[in-house]
Amino acid sequence: MISLSGLNDPQREAASTVDGPVLILAGAGSGKTRTITYRIAHMVYNLNMNPKSILGVSFTNKASKEMKERVISLLGKKKARGLTLATFHSLGVKILKEEIHLLGYHKNFSIYDTSDQMGIVREALKSIKTEKTFDKKQILSKIGFLKNKGIMSEEFTDSPYFDEDDPYDLMVDYVYRFYQDKLKFYNAIDFDDILNLVVRLFREFPEVTTKYSEKFQYVMVDEYQDTNPLQFELIMGLTKTHNNLCVVGDDDQAIYAFRGADVTNILEFEKNFPGAKVVKLEENYRSTMPILDLANKVIQENKNRREKSLWSKMQSDVNPLLWLTADTDHEAQVVVDEIVQHQGNGGHLGDMAILYRSNTQAQPIEDQLRLSQVPYTILGGQKFYEKKEVKDLIAYLSVILNPKDQIALRRILNIPHRGIGNVTLEKYLALSDEKEISLFDALELDPALDPRRADHIVKFTKIIRTFQEKFRHHTLPEALSSLIEEINYLKFVEKCYDSIKQVDRRKNDVMMFVESAERFVKYNQAHATLKNFVEKLLLQDSQDDQDEDEDDDVRKNEVTMMTLHSSKGLEFDTVFLVGMEEETLPHKRVLQLGEDIGEERRLAYVGITRAQQKLVMTYCKERKLYGRKTARHKSRFLNELSNHFTEQDRTTFGHLTEEEEKNYKSSFFNNLIDGLE
DNA sequence: TCGTCCGGCGTTTTT
DNA sequence: CGCCGGACGA
């Protein structure tokens with residue numbers, strides 16, 4: 001038996017209600033993951049359900065991995081076998097691999113990321129002449145928005161999001177259709193399509209919907225407040241034959257509306273699923289009461305939310321702090337100073353995090369940390385597969401898998417330089433248009449279109465063909481290394497950069513890429529095909545990947561820096577929430593557009609509720625923005641809450657005794673000297 | 001074909 | 001202030 005006695009009353013109620021629709025409203029730090037992992041374990045162990053009939057969906061690999069690990073620790077590996085614990089996208093890819101032929105795609109489809117998408121939008125804009133110039137980014141983001149709302153290209157003009165008087169919308173209509181046609185021609189799909197096409201399958205082939213709904217008799221969805229209409233439709237499809245759906249979420253932590261998430265999914269759960277059981281988890285096991293008091297007060301101002309109030313058994317007389325600082329550098333200085341002191345007292349740096357609204361705020365803090373020689377990691381930032389060298393190599397692999405992938409082909413056609421530039425490319429594009437064949441087929445059809453380039457073209461297409469074979473008959477790392485050698489890629493990298501440091505770093509990225517292929521083979525053995533490898537690279541963040549061999553129960557002795565968005569789900573003993581200013585949090589853009597400030601307030605709420613023991617918020621009198629100094633004011637989110645935190649003016653030394661002031665100044669001076677050395 | 005210069009713009013982001 | 005993308009020139 002798996003005992004549920006370690007859960008509190010509402011948790012146990014949620015974990016033991018397995019049939020029919022269930023909504024678990026789980027406040028921050030209320031043991032949400034614990035509840036769902038026990039629920040799964042209970043279903044498999046106590047109720048003897050087939051693991052294969054259970055599906056758990058989350059948004060990120062991290063969340064999905066955590067769920068997997070915790071279920072395994074309850075059930076053991078053997079009993080957990082057969083469970084599907086996936087992200088929306090990995091589930092989508094799984095389904096598409098089986099069914100995408102129904103929509104006229106080949107199963108070797110490529111997956112496009114933002115920069116690939118941008119390439120097609122650029123092409124679309126070039127294909128139509130206008131006086132007005134359009135911003136590709138804006139157009140692409142509207143297309144992405146529409147896709148996440150479940151609106152297909154042919155439906156746009158009939159949707160409420162179309163305004164016939166808006167020139168942008170007219171252009172979006174054209175580009176969206178062009179874009180989808182091209183993707184199909186290239187046998188490619190973008191990230192949004194992974195779900196979009198599954199939904200289209202469900203709409204057009206009800207028997208497919210039934211198949212998957214019958215396969216997954218019990219469906220669970222994590223972070224339900226962040227689901228968009230597309231994901232909602234997917235969930236509806238998966239549960240249509242049984243209605244056994246358990247969703248977990250917190251409307252107060254909905255922070256992804258900007259990418260199409262619709263909080264009404266969670267607000268109107270009972271309407272969509274009549275007879276639903278609703279369970280509220282309000283006991284918080286993370287933070288002290290003073291921190292929760294502040295959090296409750298901040299979020300109370302939001303309208304249209306499910307009323308709940310977090311409480312904790314942990315009392316404390318340590319109030320949250322708010323520091324006024326002079327400017328961006330000073331803000332960084334006082335924060336890092338506090339960290340150094342904590343370190344000096346034997347504190348662990350892994351217990352501390354610095355959270356901010358936008359990445360631009362990270363730079364001065366990073367500088368200061370380096371200056372004070374405090375080890376740190378920045379979460380987020382560039383992903384491994386986005387590095388230029390890695391992208392090049394992935395493009396080779398993509399073409400080898402799917403020669404129709406024109407975006408990848410164009411990327412590598414002249415990398416390393418082989419004298420096939422724009423002029424030659426245009427000729428072949430014309431040929432492929434005329435004959436209605438793919439660009440790659442055009443290259444093979446008439447390599448001597450420009451006789452001076454013929455040798456190079458033949459050589460190039462031969463490489464692709466040869467390696468299609470090689471990847472079939474050799475191991476992944478062997479074939480990959482051989483490819484890198486064949487195209488002389490490292491030599492190319494050397495020529496691209498002047499500084500040795502740059503060259504070394506880039507070469508290292510190439511080596512890491514080969515290593516990741518080795519790891520992939522080690523972990524996946526028979527399933528370590530080229531296709532699965534490329535897929536995994538795109539669907540899985542490298543940050544998880546690199547940690548795979550390490551024990552990540554132990555947090556490194558490093559301060560963690562990240563945006564408020566990426567902090568969701570995490571907790572730290574001490575949290576610095578920097579930039580609590582008007583136009584930073586809430587962000588200027590949101591204020592200008594005059595729209596939903598609630599999401600910004602929820603971001604503040606998420607930040608505050610990350611802290612277990614100590615919360616330090618800061619704001620500046622003056623902030624350097626784009627090289628210009630701008631006056632700043634305290635965030636409205638802290639208005640009228642001054643009895644819930646202690647404000648200290650750090651621009652003076654007023655909060656210190658004379659002795660402390662002297663020590664402070666000299667220790668700061670010493671740090672500075674140390675940093676320079 | 002490739003490199004350089006100039007102008008514009010500047011949240012958050014998983015997959 | 002710094003990055004990126006487009007235009008233009010060698």
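No experiment lies behind these values; they were computed from the predicted model shown. Letters go in sequence order (proteins before strands), and every chain restarts at 1.
Checked by atom type, the side-chain pair Thr84(A)/Lys94(A) shows no donor-acceptor distance below 3.5 Å.
Remark: P of dT14(B) and CG of Asp113(A) are 13 Å apart, rounded to the nearest angstrom. One interatomic measurement links the two molecules: CG of Leu355(A) to P of dT13(B), which rounds to 12 Å at whole-angstrom precision. To the nearest angstrom, C1' of dT14(B) lies 17 Å from CD of Gln253(A). One interatomic measurement links the two molecules: CD of Gln225(A) to P of dT13(B), which rounds to 17 Å at whole-angstrom precision. Taking atom CZ of residue Phe191(A) and atom P of nucleotide dT15(B), one finds them 9 Å apart after rounding to whole Å. Note: OH (Tyr356(A)) to P (dT12(B)) measures 10 Å, nearest angstrom. Whole-Å rounding puts the Tyr256(A) OH to dT14(B) P distance at 6 Å. Distance Gln363(A) CD to dG10(B) P: 20 Å, rounded to the nearest Å.
In this structure, the nucleotide among dT12(B), dT15(B), dG10(B) sitting nearest to the side chain of Tyr626(A) is dG10(B). In this structure, the nucleotide among dT13(B), dT15(B), dT11(B) sitting nearest to the side chain of Thr87(A) is dT15(B). Side-chain proximity of Thr563(A) to dT13(B), dT15(B), dT11(B): nearest is dT13(B). Side-chain proximity of Leu539(A) to dG10(B), dT15(B), dT14(B): nearest is dT15(B).
Across dC3(C) and dT12(B), the matching P atoms stand 15 Å from one another, rounded to whole Å. Distance check on atom P: dT11(B) versus dC4(C) gives 14 Å, rounded to whole Å.
The ring pair (Phe, Tyr, Trp, His ring centres under 6.0 Å) search around Tyr428(A) returns none, not counting sequence neighbours.
Backbone-only engagement by Asn414(A) is indicated by non-hydrogen atom pairs under 4.0 Å involving sugar-phosphate atoms exclusively. Looking at heavy-atom distances under 4.0 Å, Phe59(A) makes contact with sugar-phosphate atoms alone, never a base. Thr424(A) comes within contact range of the sugar-phosphate backbone alone, with a heavy-atom separation under 4.0 Å but no base atom that close. Within the 4.0 angstrom heavy-atom criterion, only backbone atoms of the sugar-phosphate kind lie near Lys136(A); the bases stay farther away.
Here His565(A) does not pack flat against the base of dT12(B), since the 5.5 angstrom centre distance and 30 degree tilt limits are not both met. Under the stacking definition used here (centres under 5.5 Å, planes under 30°), the residue Phe88(A) fails to qualify as stacked on the base of dT15(B).
Aromatic ring centres of Tyr489(A) and Phe492(A) lie closer together than 6.0 Å.
Between Asn359(A) and the phosphate of dT12(B), there is a side-chain N or O to OP1/OP2 separation shorter than 4.0 Å. OP1 or OP2 of dT14(B) has not a single side-chain nitrogen or oxygen of Asn148(A) nearer than 4.0 Å.
Of all nucleotides in DNA chain C having an atom under 4.0 Å from a heavy atom of chain A, the first and last in 5' to 3' order are dC1(C) to dG6(C).
Taking the six-membered ring where the residue is Trp, His89(A) and Phe191(A) present perpendicular rings, their angle passing 60° and hence far from 30°.
Judged by distance alone, with hydrogens and angles left aside, the side-chain atoms of Thr264(A) form no donor-acceptor pair with the main-chain N or O of Leu267(A) at under 3.5 Å. Distance alone, capped at 3.5 Å, is enough to place a donor-acceptor pair between the Arg602(A) side chain and the Ala254(A) backbone.
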- Message: Assess the residue pair Glu622(A) and Lys629(A) against the criterion (side chain to side chain contact (heavy atoms under 4.5 Å, CB included)); give the C-alpha distance rounded to whole Å, side-chain angles, the decisive distance to 0.1 Å, and a yes or no.
- Response: CA-CA 6 Å; Glu622(A) 196 173 71; Lys629(A) 285 191 169 181; 3.5 Å; yes
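For Asp192(A) and Lys137(A), each mapped to the nucleotide of DNA chain B holding its nearest heavy atom, the one lying further toward the 5' end belongs to Lys137(A).
Contact between Gly579(A) and Arg623(A) at its shortest, heavy atoms only, is CA-NH2, 3.5 Å.
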